[in-house]
Amino acid sequence: MKITALNGFKDILPGDIELWQRVESTAREIFSRFQFSELRLPILEKTELFARSIGEATDIVEKEMYTFVDKGVTMRPETTAQMIRAYIEHGLYAQRPIQRLFTIGPMFRHERPQLGRLRQFHQLDAEVLGTDNPRIDAEVMAMGSMLLERLGISVSLEMNSLGCPECRPVFRQRLLAFLEERMDHLCDDCKRRSTTNPLRALDCKNPTCREQVADAPSILDNLCEGCADHFQVVRSCLDKLKVPYSLNKFMVRGLDYYCRTTFEFITGDLGAQSAVGGGGRYDGLVEKLGGPKKTPGIGFAMGLERLVLLLQQQEKEQEKRQEELDIFVAGLGPVASEVCFDLVHELRKQGLRVGIDHEGKSLKSQMKQADKAGATHVLIVGEDELARGEGVLRNMTNQEQQDIALDPQVIGTKVSGR
RNA sequence: GUGGAUGUAGCUCAGUUGGUUAGAGCACUUGGUUGUGGCCCAAGAGGCCGUGGGUUCGAGUCCCAUCAUCCACCCCA
């Protein structure tokens, strides 16, 4: 029986990794423009951290977490909670009143895998802690948009407000009354939701439910004054930054901690998965997790494999071969191989990317290897040249050859272009 | 957790109504060039046909089971 990777866990192989690196480096570059600092967080946390923040009744906590029950620890299903944990634990709020942070890494959820959805997946996650200034909401969304634009991925930004502990319960009651009137027409899931989280019914993909819910009361019409004002400023700021967006009064985020501004970056090119990224405000969460009182926060996460999938679709045919080696050293015969062995090491010390074959293959075979590896030069060391202390340096792009001293310095400067 | 589809070479896939030794393309190795890559040509290597059972003189092909993968539902990144 062959041992294979676990279902929902994927190897990222050479050839695919370039896109990952591009996404990550672009993110670092864009995020730094917005004064965000990177940090790295552990993969394992106490189970309680996620249960308390994400919400006991959410799907993630109820059935999707990889938990070591005997140890009371869980592999992170998302990172906002632990970002806040670190913020509190290290007193980051004391070092700087407003923290802009981001992190990149793997998350784990035990769901059935499908296109764009794995059990180990990767996210970029950006959070701003310590302010509820609506300009920050706009800035954060603008940052996400800028990253996607820079990557050449076109998505739409959808936004909603979920209100706050003051106005949401009121709306919830109003919505519940609305749903109860047409309970008979709703799907089983929505019937169940109406008791646990009626807002979720707004999000149902079942066509009949959509129909039923189409003229449901909008939370945007039921915001309290504070939330309404806040949302209004967010909108005008986005306009000012010329970040396009649309309102989606049906958008409900799946995590309990969200309030006020929520948003998603949406695509139609990922099968059943429409969200490339999503996030929102969570003004009560820091305090709930034991941090300083009234510390608001907002952030978003983007799914790396979803970004990579979109890039792969776009660039299917491009496939440009890039140079991977500066020089391939081909030794002919045991004596030459012996010389090449340390010569190669010296060249690498000089910073060159060097390939070598230790299997005693023919020159033709070694030339093929060099070509496949994308070497720009090949150094051929045979018995004749060796006797003179020289080798033949072949330029693989213009086929020119010349004798050259077997001196790492000389070869190094020649190959790297003076 | 639920539904549908698919499992044949490293990869992408053929394989007639069950019938001898299971094929192709790409990739790989070697040779055509005694020490020179790409293109071309030739040869070679590579398969318990997912696994287990059943029907049959005979199963890659039919039946059952099982496992795996993919897609979708749920939900989300």
Side-chain angles (χ1 to χ4, degrees), chain A residues 1-10 13 15 54 57-64 76-80 104-125 144 155 187-190 192-193 197 200 203-206 209 251-255 264-267 270-279 299-310 321 325 328 330-333 336 355 359 361-386 391-397 399-401:
Chain A
M1 192 60 181
K2 258 193 287 189
I3 297 179
T4 58
L6 290 169
N7 187 15
F9 290 72
K10 281 274 187 294
L13 299 176
I54 299 170
T58 57
D59 284 354
I60 293 180
V61 173
E62 261 178 8
K63 52 184 192 188
E64 293 175 2
R76 60 180 184 189
E78 64 108 40
T79 195
T80 303
I104 303 177
M107 309 292 156
F108 304 84
R109 292 183 201 172
H110 189 98
E111 305 176 86
R112 276 302 245 281
Q114 64 193 67
L115 183 66
R117 173 206 257 161
L118 296 172
R119 289 182 171 170
Q120 175 177 340
F121 60 103
H122 300 76
Q123 287 187 335
L124 313 164
D125 190 90
V155 297
C187 70
D188 292 345
D189 282 327
C190 284
R192 180 173 48 77
R193 285 178 185 125
N197 186 356
R200 290 274 192 86
D203 207 14
C204 187
K205 279 169 194 153
N206 183 310
C209 291
M251 189 175 72
V252 180
R253 304 285 303 161
L255 283 49
E264 286 181 1
F265 295 100
I266 304 285
T267 177
L270 275 180
Q273 268 60 245
S274 57
V276 172
F300 68 87
M302 286 199 193
L304 276 183
E305 22 287 278
R306 290 185 183 180
L307 295 175
V308 169
L309 275 172
L310 290 171
R321 213 258 288 278
L325 286 181
F328 188 97
L332 301 174
E359 311 305 314
K361 299 270 189 157
S362 68
L363 177 59
K364 176 174 172 163
S365 171
Q366 296 196 57
M367 290 298 290
K368 277 190 178 178
Q369 286 183 57
D371 183 52
K372 250 177 294 183
T376 53
H377 298 80
V378 173
L379 178 70
I380 300 162
V381 183
E383 312 266 324
D384 303 347
E385 295 90 345
L386 194 56
V392 177
L393 184 67
R394 177 180 177 86
N395 181 318
M396 294 295 272
T397 43
Q399 288 104 298
E400 282 172 11
Q401 295 192 175

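Taking 4.0 angstrom as the limit, A/K368 places none of its side-chain polar atoms (N or O) nearer than this to OP1 or OP2 of B/U36. Regarding contacts with the backbone of B/C73, a side-chain N or O of A/Q114 is found under 4.0 angstrom from either OP1 or OP2. At B/G38, none of the side-chain N or O atoms of A/K364 fall inside 4.0 Å of OP1 or OP2 (strictly under the cut-off). Note on A/R306: every side-chain N or O is 4.0 Å or more away from OP1 and OP2 of B/C76. Between A/R200 and the phosphate of B/C76, there is a side-chain N or O to OP1/OP2 separation shorter than 4.0 Å. Of the side-chain N and O atoms in A/N7, none sit less than 4.0 angstrom from OP1 or OP2 of B/A68. At the phosphate of B/C70, OP1 or OP2 sits under 4.0 Å from a side-chain N or O atom of A/K10.
For the P atom pair drawn from B/G58 and B/U20, the interatomic distance equals 15 Å after rounding to whole Å. Distance check on atom P: B/G10 versus B/U56 gives 34 Å, rounded to whole Å. When the C1' atom is used for both B/G3 and B/U8, the distance is 27 Å, rounded to whole Å. Going from the C1' atom of B/U17 to that of B/C62 covers 12 Å, rounded to whole Å. A gap of 15 Å separates the C1' atoms of B/G25 and B/G46, to the nearest Å. Between the C1' atoms of B/A72 and B/U55, the separation comes to 35 Å (whole Å).
In this structure, CD of A/E305 is placed 13 Å from P of B/C70, rounded to the nearest angstrom. A/K361 has its NZ atom 15 Å from the C1' atom of B/G37, to the nearest Å. Atom NZ in A/K372 sits roughly 11 Å away from atom C1' in B/G38 (whole-Å rounding). As rounded to whole Å, 13 Å separates atom P of B/A77 from atom CG of A/L307. To the nearest angstrom, C1' of B/A68 lies 12 Å from CG of A/L6. At whole-Å resolution of the value, CG in A/L270 and P in B/A72 are 10 Å apart.
Nucleic acid contact for A/V378: none, since no nucleic acid atom lies under 4.0 Å from a heavy atom of the residue. Heavy atoms of A/G116 sit under 4.0 angstrom from at least one base atom. A/L115 comes within 4.0 angstrom of the backbone, heavy atoms only, and of no base.
Looking at the side chain of A/V392, the nearest of the listed nucleotides B/A77, B/G35, B/G37 is B/G35. Side-chain proximity of A/D371 to the nucleotides B/G35, B/C74, B/G37 is greatest for B/G37. For A/S365, the side-chain atoms get nearest to B/U30 when compared with the rest of B/U30, B/A77, B/G35. Which of B/U30, B/A77, B/U36 sits closest to the side chain of A/Q401 comes down to B/U36. With B/G35, B/G38, B/G1 as the candidates, the nucleotide lying closest to the side chain of A/R112 is B/G1.
Taking each heavy atom of A/L309 and A/G116 in turn, the nearest pair found is CD1-CA, 3.6 Å. Taking every heavy atom of both residues into account, A/E383 and A/L332 meet most closely at OE2-O, 3.6 Å.
Stem regions for RNA chain B, each three or more consecutive Watson-Crick or G-U pairs with both distances under 3.5 Å and listed by first number, read B:1-7 with B:67-73, B:10-13 with B:23-26, B:28-32 with B:40-44, B:50-54 with B:62-66.
Residues from residues 104-111 of chain A with heavy atoms under 4.0 angstrom of RNA chain B, sorted by number: A/R109, A/E111.
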Discussion item. Does A/E78 form a salt bridge (charged side-chain N to carboxylate O under 4.0 Å, His left out) with A/R109? I'd like the steps, not just the answer.
Written reply: CA-CA 9 Å; A/E78 64 108 40; A/R109 292 183 201 172; 5.8 Å; no
